[in-house]
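Presented below is the structure to which this report refers.
Just so it is clear, the model here is predicted, and its values are computed rather than measured. Sequence positions, counted from 1, serve as the residue numbers for this chain.
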Amino acid sequence: MKNSEWTERCVLCESYETRGIHILESFLCHQCERAIVRLEPEDPAYKETIQKLRKIKASALLS
């Protein structure tokens, strides 16, 4: 019998993954974590990523 792995939904891409980090009570998958590290402020995706990361702060305040 195969053991099932625990998955969590990423706050950025909203996919269910097994690898990643927790920031406050939110989960950030490994792929998004690596993409953020490489993201430059002049990149068009930068502003969108910042907006999505604000969900973390909002969810912590609502808890």
Check your understanding: Does a side-chain heavy-atom distance below 4.5 Å link Cys29 with Phe27?
Key -> yes
Review point. To the nearest 0.5 Å, how far apart are SG in Cys10 and CZ in Arg19?
Key: 13.0 Å
**Study point:** Path from Tyr16 to Leu12 over hydrophobic side-chain contacts below 4.5 Å
**Key:** no
Check your understanding: Which heavy atom in Lys52 sits nearest to a heavy atom in Val11, and how many Å separate them?
Key -> O-CG2, 4.3 Å
Practice item. Among Leu53, Ile21, Ile56, find the one that has a side-chain contact (heavy atoms from CB on, under 4.5 Å) with Ser26. Key: Ile56
Practice item. First locate atom CD of Gln31, then atom OG of Ser15, and finally report the distance between them rounded to the nearest 0.5 Å. Key: 6.5 Å
Check your understanding: Shortest non-hydrogen contact from Ala45 to Thr49?
Key -> O-OG1, 2.8 Å
Check your understanding: Roughly how far, to the nearest 0.5 Å, is the CG atom of Asp43 from the CD atom of Glu48?
Key -> 10.0 Å
Check your understanding: In terms of hydrophobic clustering (I, L, V, M, F, W, Y; side-chain heavy atoms under 4.5 Å; direct or indirect links), are Ile36 and Ile23 co-clustered?
Key -> yes
Review point. So how far is it from Lys47 NZ to Glu42 CD, rounded to the nearest 0.5 Å?
Key: 15.0 Å
Practice item. Would you mind reporting whether Glu8 and Glu17 have side-chain heavy atoms less than 4.5 Å apart? Key: no
